[in-house]
Structures are given as C-alpha cells and as structure tokens.
Amino acid sequence: MGGAQRGIVGTPEQCIEQVMEYVRLGVGDFLFSARPPVDFRSLELFQQHVAPVVRAEAAKVLAAG
C-alpha cells in the first residue's frame with residue numbers, strides 16, 4: 001500500500017485496486033467521505049463502478065480466507 005497516501009484516488013480501476021489491497025488484508029467494512037466542496041459526480045462514479053466490483057471481489061476473497 002502507498003505509504004503516506006491517505007485517500008483513494010484515480011480511475012475506477014485504480015480505486016478498485018487500492019480498496020482491494022485493504023480487503024486482501026482482511027478489512028471488510030469501509031467508511032468513505034468527501035471534503036467540501038463535494039464532487040457529487042465522483043461519488044456517483046464510485047457508487048456505480050467501484051463499490052459493486054469491490055463488494056463482489058471482497059465476498060470471494062473473504063469466503064476463501
């Protein structure tokens with residue numbers, strides 16, 4: 001995982017990989033927030049493209065664990 005980085009940033013694919021690093025370490029729950037001014041489009045992209053993939057992949061990883 002990236003040392004001093006404190007956020008998930010990048011394309012949907014990059015965000016998926018960043019979150020999955022935590023899943024592979026056993027993390028099962030996440031809280032996401034956005035600082036003002038909130039970019040609602042980015043939140044929608046995360047909800048539509050990142051969260052479903054992470055949810056499905058996390059289920060596989062945690063079931064195998």
Side-chain angles (χ1 to χ4, degrees):
M1 280 182 290
Q5 183 177 333
R6 295 181 51 104
I8 304 296
V9 296
T11 65
E13 293 78 15
Q14 291 167 330
C15 291
I16 290 166
E17 187 53 41
Q18 291 173 58
V19 174
M20 287 303 298
E21 289 182 27
Y22 291 98
V23 171
R24 289 184 202 103
L25 291 173
V27 176
D29 295 311
F30 297 89
L31 295 175
F32 288 94
S33 64
R35 293 185 183 145
V38 177
D39 176 2
F40 288 103
R41 181 65 183 136
S42 291
L43 292 176
E44 286 177 357
L45 286 171
F46 193 92
Q47 176 190 6
Q48 294 170 355
H49 299 284
V50 177
V53 174
V54 170
R55 193 174 296 120
E57 291 301 311
K60 293 177 193 175
V61 169
L62 296 173

Student: Taking all atoms of both residues into account, what is the closest heavy-atom pair of C15 and G10, and its distance?
Tutor: SG-O, 3.6 Å

Student: Going hydrophobic residue to hydrophobic residue with side-chain gaps under 4.5 angstrom, can you get from M20 over to L45?
Tutor: no

Student: Assign the ring pair F46 / F32 to parallel, tilted or perpendicular, where the plane angle (0 to 90°) is split at 30° and 60°.
Tutor: tilted

Student: So, K60 and E57, do they make that salt bridge, N to O below 4.0 Å?
Tutor: yes

Student: Through direct or indirect side-chain contacts below 4.5 angstrom among Ile, Leu, Val, Met, Phe, Trp and Tyr, which residues connect to F40?
Tutor: V38, L43

Student: What's the shortest heavy-atom distance between V9 and Q14, and which atoms?
Tutor: O-CB, 4.4 Å

Student: Shortest non-hydrogen contact from V54 to V19?
Tutor: CG1-CG1, 3.6 Å

Student: Is there a side-chain contact between E17 and E13 in this structure, where contact means two heavy atoms from C-beta onward sitting under 4.5 Å apart?
Tutor: no

Student: If you count heavy atoms of other groups shown closer than 6.0 angstrom to CD of Q47, is the number above 12?
Tutor: no

